[in-house]
Amino acid sequence: MTERVERILLPVRDYGLDATLTSGQAFRWRQRGAGWEGVVGGRWVYLESSAAGIHAAANATGGDHGWDWLVHYLQANVILDDILHTFPDDRPLGESVAACRGLRLLRQDPWECLASFICSSTKQIVQIQQIIELLCQRYGQPLVTPTARSPEFSFPSPARIASLSEADLRLCKMGFRAPYLREAAQAIDTGRLDLEHLRTLPCPVARAALMELPGVGEKIANCVLLFAYGFPEAFPVDVWIMRALRKLYFPKRKPTPNRLRRFVETYFGPNAGYAQQYLFHFMRTRRDVI
DNA sequence: AACCAGGACACAA
DNA sequence: TTGTGTCATGGT
């Protein structure tokens, strides 16, 4: 089939593309040449940053709303300084911001984000990437890509995954998470959970709704609230963040879950989720410092 | 080669 | 409420 690649320059400042795409919030970006190749909203995309901004290449779609979908995904219209100014002024956060210049939060598709993080529990990021890639290769739909390029696949829909057996899913190396993913897909496919409706709800209500799903606890729910719905106060606490918080802010003895919740939602301010992402990426890339 | 990974859950005390 | 075992897989 024929395809035509369109290109654009998004003139965005303070955008750390590498940090953003490798900070464990999205799992389908692969380094290719000087940039990154991935799939957004069912389209193949190539991104490369330069001093002028982000160069993007994607298939022509028929000119509906131009590149709005990509600007929205990248959150390229967000004024990063406005976010950073709301952070508390302490040393670990200051070092994290300095080391992770331009780190952003993406605005992902809720289903892909939810499914990805259901597969994430006690897995390293590289393994999560492998699981997601297997899932897409096996059960996604082939996408139009530039010629002479390896085939890309869409992220399988809730209906598609709901139609699979647990054994089918285990072929993607997701182990005990397979029944969780299957049941979540069924809940959404049958309409028992409406992911679009969650956008309109207050953050705590949306969190409670997500946690109704098997295999979705507070941490995974917060990842979806932050990375897909854009609730900037959602604060996922994984093992890395827990280690950082205990060492930096609770050196005496470890806080109870309730104490920890109250701390992160008061201390880090209205954009606690952004602060969390900076601490997380800093911890994982400069392990020696903290 | 042990140890651990962007956890959740059932169950014990 | 807080602690422990279990689940599956493979990277480091």
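Chain identifiers are assigned alphabetically (A, B, ...) following the order of the sequence lines, protein sequences preceding nucleic acid strands; residue numbering begins at 1 within each chain. Quantities reported herein were computed from a predicted structural model and do not represent experimental measurements.
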Expressed in whole Å, how much space separates the [atom1] atoms belonging to [N] and [M]?
N     : M      : atom1 : value
C/dG5 : B/dC3  : P     : 15 Å
C/dT6 : B/dC4  : C1'   : 16 Å
B/dA1 : C/dG10 : C1'   : 13 Å

Let me confirm one number: the [atom1]-[atom2] distance from [X] to [Y], rounded to the nearest 0.5 Å.
X        : Y        : atom1 : atom2 : answer
A/Leu21  : A/Leu47  : CG    : CG    : 6.5 Å
A/Tyr229 : A/Cys203 : OH    : SG    : 11.5 Å
A/Arg243 : A/Asp238 : CZ    : CG    : 8.5 Å

Between A/Met211 and A/Gly24, name the one whose nearest nucleotide on DNA chain B is closer to the 5' end.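 Mapping each residue to its closest nucleotide by heavy atoms, the 5'-most match is A/Gly24.
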Heavy atoms under 4.0 Å, any strand shown: does A/Ile241 hit a base, just sugar-phosphate, or nothing? base
For a quick check of understanding: with a heavy-atom distance under 4.0 Å over all strands, which category does A/Gln129 fall into, base, sugar-phosphate or nothing? nothing
Please determine whether the number of non-hydrogen atoms from other residues, nucleotides or ligands lying under 6.0 Å from atom CZ of A/Arg199 exceeds 12.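 Yes - once you tally the heavy atoms of other residues, nucleotides and ligands closer than 6.0 Å, there are more than 12.
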Under the salt bridge (charged side-chain N to carboxylate O under 4.0 Å, His left out) test, which residues partner A/Glu37, sequence neighbours left out? A/Arg30, A/Arg32, A/Arg149
Go through the steps for A/Trp69 and A/Trp67 under the test side chain to side chain contact (heavy atoms under 4.5 Å, CB included), then give the verdict. CA-CA 5 Å; A/Trp69 56 275; A/Trp67 295 85; 4.0 Å; yes
Please collect all salt bridge (charged side-chain N to carboxylate O under 4.0 Å, His left out) contacts where either partner lies in residues 105-123 of chain A, sequence neighbours excluded, each pair once. none
Could you list by number each residue of [range] showing a heavy-atom separation from DNA chain C of less than 4.0 Å, or answer none if no residue does?
range                       : answer
residues 164-186 of chain A : A/Arg170, A/Lys173, A/Gly175, A/Phe176, A/Arg177
residues 103-123 of chain A : A/Thr122, A/Lys123
residues 214-238 of chain A : none
residues 255-266 of chain A : A/Thr256, A/Pro257

Check the pair A/Gln108 / A/Tyr73 against side chain to side chain contact (heavy atoms under 4.5 Å, CB included), numbers first and verdict last. CA-CA 6 Å; A/Gln108 302 178 57; A/Tyr73 175 85; 4.0 Å; yes
Walk me through it: do A/Tyr139 and A/Leu171 pass the test side chain to side chain contact (heavy atoms under 4.5 Å, CB included)? CA-CA 11 Å; A/Tyr139 306 120; A/Leu171 292 176; 4.2 Å; yes
Span of DNA chain B in contact with chain A (heavy atoms, under 4.0 Å):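 Answer, 5' to 3': B/dA5 to B/dC9.
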By ring-ring contact (aromatic ring centres under 6.0 Å, His included) - contacts of A/Phe117 (at least two apart):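 A/Phe27, A/Phe227.
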Partners of A/Ser121 by side chain to side chain contact (heavy atoms under 4.5 Å, CB included), sequence neighbours excluded?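 If we apply the side chain to side chain contact (heavy atoms under 4.5 Å, CB included) test to A/Ser121, skipping adjacent residues, the hits are A/Phe176, A/Arg177.
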Of all residues at least two apart in sequence or in a different chain, which pass the side chain to side chain contact (heavy atoms under 4.5 Å, CB included) check with A/Val237? A/Phe235, A/Ile241, A/Met242, A/Leu260
In terms of side-chain heavy atoms, does A/Gln129 have a donor or acceptor partner in A/Glu133 at a distance below 3.5 Å?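 No - no donor-acceptor pair under 3.5 Å links their side chains.
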Which pairs of donor and acceptor atoms, one on a side chain in residues 213-224 of chain A, lie under 3.5 Å apart (sequence neighbours left out)?
unit_1: A/Glu218; atom_1: OE1; unit_2: A/Arg261; atom_2: NH1; d: 2.7
unit_1: A/Glu218; atom_1: OE2; unit_2: A/Arg261; atom_2: NH1; d: 3.0
unit_1: A/Asn222; atom_1: OD1; unit_2: A/Arg207; atom_2: NE; d: 2.8
unit_1: A/Asn222; atom_1: OD1; unit_2: A/Arg207; atom_2: NH2; d: 3.0
unit_1: A/Asn222; atom_1: ND2; unit_2: A/Glu218; atom_2: O; d: 3.2

For A/Ala275 against A/Phe87, the heavy-atom pair lying closest together: N-CZ, 3.4 Å
Give me the atom names and distance for the closest heavy-atom approach of A/Leu106 to A/Gln25. N-OE1, 3.0 Å
Parallel, tilted or perpendicular: which one describes the rings of A/Phe268 and A/Phe263, with boundaries at 30° and 60°? perpendicular
At the 4.0 Å heavy-atom cut-off to chain A, mark where contacts on DNA chain C begin and end, going 5' to 3'. C/dT2 to C/dG11
Please determine whether a side-chain nitrogen of the Lys or Arg among A/Arg262 and A/Glu265 lies less than 4.0 Å from a carboxylate oxygen of the Asp or Glu. no
